[in-house]
Number of protein chains: 2
Amino acid sequence: MTEEGALEAPTSPRSETQIMWTISQFARRFGISRSTLLYYDSIGVLAPSARTSAGYRVYDDHDVARMERIDLYRRAGLPLAGIRSILDSEGDSALRDALELRLREIDAEFRGLAMQQRVTLDLLGKSAEAAEERRLDKQGWVAILRASGMDEGDMHRWHVEFERLAPEAHQGFLVSLGINPAEVARIRASSREAGDQPHAGPEPV
Amino acid sequence: MTEEGALEAPTSPRSETQIMWTISQFARRFGISRSTLLYYDSIGVLAPSARTSAGYRVYDDHDVARMERIDLYRRAGLPLAGIRSILDSEGDSALRDALELRLREIDAEFRGLAMQQRVTLDLLGKSAEAAEERRLDKQGWVAILRASGMDEGDMHRWHVEFERLAPEAHQGFLVSLGINPAEVARIRASSREAGDQPHAGPEPV
DNA sequence: CTTGACTCGTCTACCGCTTCACGGTTGAAG
DNA sequence: CTTCAACCGTGAAGCGGTAGACGAGTCAAG
């Protein structure tokens with residue numbers, strides 16, 4: 001840089017808003033590589049506010065704020081192209097739309113990973129044992145709940161509250177236990193009834 | 001192809017082992033694109049056994065068998081380079097090693113996805129509510145267990161029994177609630193201690 | 001012999017970077 | 001003033017796995 005001396009080390013600010021960084025300092029600050037910043041500049045995600053007379057990139061606190069949002073959205077898994085349009089758009093509707101979409105993508109990726117895990121475990125011949133390691137079945141849950149002092153009435157109340165407070169999660173939970181759809185529907189229906197007008201029902205987990 | 005007539009439609013086999021496919025038929029059979037097969041050929045994962053005099057690729061049932069293994073390993077998420085060396089190696093130790101490694105990778109990817117999900121939900125402001133449709137967070141579970149009549153002591157006993165009867169599932173369950181690894185470790189340690197020598201511990205879910 | 005459906009090999013693009021190559025700038029030391 | 005190291009710039013290529021476009025060759029049927 002030249003004698004206008006705009007560039008300062010971030011550790012020694014002279015005037016309150018005139019703190020600026022070179023590309024490498026900026027990269028270290030965010031734990032990313034210089035190349036990544038060059039790439040972000042090239043695709044228009046983050047173009048530094050200024051250049052020195054020699055053409056060096058100069059990042060200021062405005063760029064810091066933008067980079068913090070980029071980092072956050074990246075940790076949500078949003079694509080850089082999407083991040084750019086979100087940052088360049090006005091309201092937060094673009095952001096919300098992108099996040100809702102991302103949520104559905106994550107769900108799909110979870111399912112894809114689970115499939116890969118099953119195939120892998122099958123190939124290893126571990127299907128029976130290892131699958132048990134990380135998933136409880138109905139009997140397992142009953143055993144745990146019983147061992148911690150719950151009786152059948154407690155378990156029924158648990159279903160009722162589960163259905164009342166989080167019906168979607170209740171469904172997902174029962175399915176995850178490998179219970180067949182018909183019985184899932186039966187348990188949920190019975191839990192809903194009991195939630196409306198309390199009467200005894202035979203539903204251990 | 002020429003008058004030796006090696007190529008037949010897969011639906012009309014004349015001699016028992018002389019069934020052969022063009023690249024596009026082969027691609028359709030496995031639900032992949034021609035480009036993919038060209039790529040597999042170029043990197044040596046699947047080179048068709050023969051060519052016609054005009055240079056057309058000819059896939060036979062030997063190639064079908066190889067492709068079926070490729071497809072299987074791909075569904076486990078193994079990289080193509082790894083698949084090639086597995087197919088070209090002798091025993092099944094290379095396969096087992098690759099699968100064990102893949103299992104650990106899948107685990108890491110699950111955790112990464114879970115982090116992305118949490119960031120996304122936080123950004124959507126949904127963190128306080130019942131997380132996603134089919135996943136409960138810690139507060140949700142506490143609420144349900146409390147509503148069904150469990151107090152903190154019951155919940156602690158529940159953790160202890162969970163840890164004792166199904167430690168792997170306990171780990172998986174806590175992670176699925178989005179609890180950070182350090183706290184997961186703390187809860188499990190506390191549950192193990194209490195399982196050995198019963199003393200009171202402050203661990204609601 | 002023409003038509004139309006196939007095939008060929010090669011090239012480009014996607015994602016989010018990383019690495020390399022080559023050269024200019026800067027600041028400090030000798 | 002020279003030299004050196006450390007920085008900076010641009011541009012291109014590469015990763016994996018797939019999709020698609022291109023012009024040209026090939027095949028079977030009419």
Side-chain angles (χ1 to χ4, degrees), chain A residues 1-9 20-28 30-48 50-59 67 70-71 73-85 98 102 105 109 112 116, chain B residues 1-10 12 20-28 30-48 50-59 67 70-71 73-85 98 102 105 109 112 116:
Chain A
M1 60 239 82
T2 58
E3 63 283 350
E4 61 250 25
L7 199 64
E8 295 208 13
M20 298 185 180
W21 295 269
T22 69
I23 188 170
S24 290
Q25 291 166 347
F26 198 78
R28 267 193 298 274
F30 283 98
I32 60 181
S33 74
R34 184 183 82 108
S35 311
T36 301
L37 287 174
L38 291 175
Y39 176 64
Y40 285 6
D41 192 359
S42 77
I43 62 170
V45 164
L46 179 64
R51 297 271 189 138
T52 67
S53 56
Y56 285 20
R57 287 170 181 78
V58 175
Y59 295 84
M67 185 64 213
I70 293 170
D71 187 43
Y73 300 157
R74 237 169 37 104
R75 282 188 283 119
L78 297 185
L80 290 174
I83 293 177
R84 181 183 53 186
S85 56
R102 180 68 196 136
E105 285 173 356
E109 287 171 35
Q116 291 194 358
Chain B
M1 56 249 60
T2 58
E3 64 283 350
E4 61 248 27
L7 197 64
E8 296 208 13
S12 67
M20 298 184 179
W21 295 268
T22 69
I23 189 170
S24 290
Q25 291 167 346
F26 198 78
R28 267 192 299 276
F30 284 96
I32 59 181
S33 76
R34 184 185 79 106
S35 307
T36 301
L37 287 174
L38 290 177
Y39 179 63
Y40 285 6
D41 193 358
S42 78
I43 63 170
V45 163
L46 179 63
R51 296 274 189 138
T52 67
S53 55
Y56 285 20
R57 288 170 181 78
V58 175
Y59 294 85
M67 186 64 212
I70 293 170
D71 187 43
Y73 300 155
R74 239 170 34 105
R75 281 188 284 119
L78 297 185
L80 289 175
I83 292 178
R84 181 182 53 184
S85 55
R102 181 66 196 137
E105 286 174 355
E109 288 171 34
Q116 291 195 358

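Residue numbering restarts at 1 for every chain, and letters A, B, ... go by the order of the sequence lines. Remember, predicted model here, so these are calculated numbers, not experimental data.
For the residue pair B:Val45 and B:Ile70, the shortest heavy atom distance occurs at CG1-CD1, 3.4 Å. The minimum heavy-atom distance linking B:Arg51 with B:Val58 is given by the pair C-CG2, 4.1 Å.
Residue-level contact check: B:Ile23 touches the backbone only, with heavy atoms under 4.0 Å from sugar-phosphate atoms and none from bases.
Every residue two or more places apart in sequence or in another chain that forms a side-chain contact (heavy atoms from CB on, under 4.5 Å) with A:Ser24 is listed here: A:Thr22, A:Arg28, A:Arg34. Considering only residues two or more places apart in sequence or on other chains, B:Ser33 meets the side-chain hydrogen bond (donor to acceptor under 3.5 Å, both in side chains) condition with B:Thr36. Under the rule for a ring pair (Phe, Tyr, Trp, His ring centres under 6.0 Å), the partners of B:Phe26 that lie at least two apart in sequence or sit in another chain are B:Phe30, B:Tyr59. Partners of B:Arg74 by salt bridge (charged side-chain N to carboxylate O under 4.0 Å, His left out), not counting sequence neighbours, listed by chain and number: B:Asp71.
What separates CG of A:Asp41 from C1' of C:dG16 is a distance of 15 Å, to the nearest Å. Here D:dC8 presents its P atom at 15 Å from CH2 of A:Trp21, a figure rounded to the nearest Å. What separates CZ of B:Arg51 from P of C:dC8 is a distance of 7 Å, to the nearest Å. Between A:Ile70 atom CD1 and C:dG16 atom P there is a gap of 12 Å when expressed in whole angstrom units. Atom P of nucleotide D:dC8 and atom CG of A:Leu37 are separated by 10 Å, given to the nearest angstrom. Atom CD in B:Gln25 sits roughly 16 Å away from atom P in C:dA5 (whole-Å rounding). For the pair B:Tyr59 OH and C:dT7 P, the computed distance is 11 Å after rounding to whole Å. Atom CG of A:Leu46 is separated from atom P of C:dG16 by 15 Å (rounded to the nearest Å).
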* Asked: Base, backbone or nothing for each nucleotide of nucleotides 18-23 of chain D, written B, S, -, heavy atoms under 4.0 angstrom, 5' to 3'?
  -> BBBB--

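The phosphate of D:dG9 has OP1 or OP2 within less than 4.0 Å of a side-chain N or O from A:Arg57.
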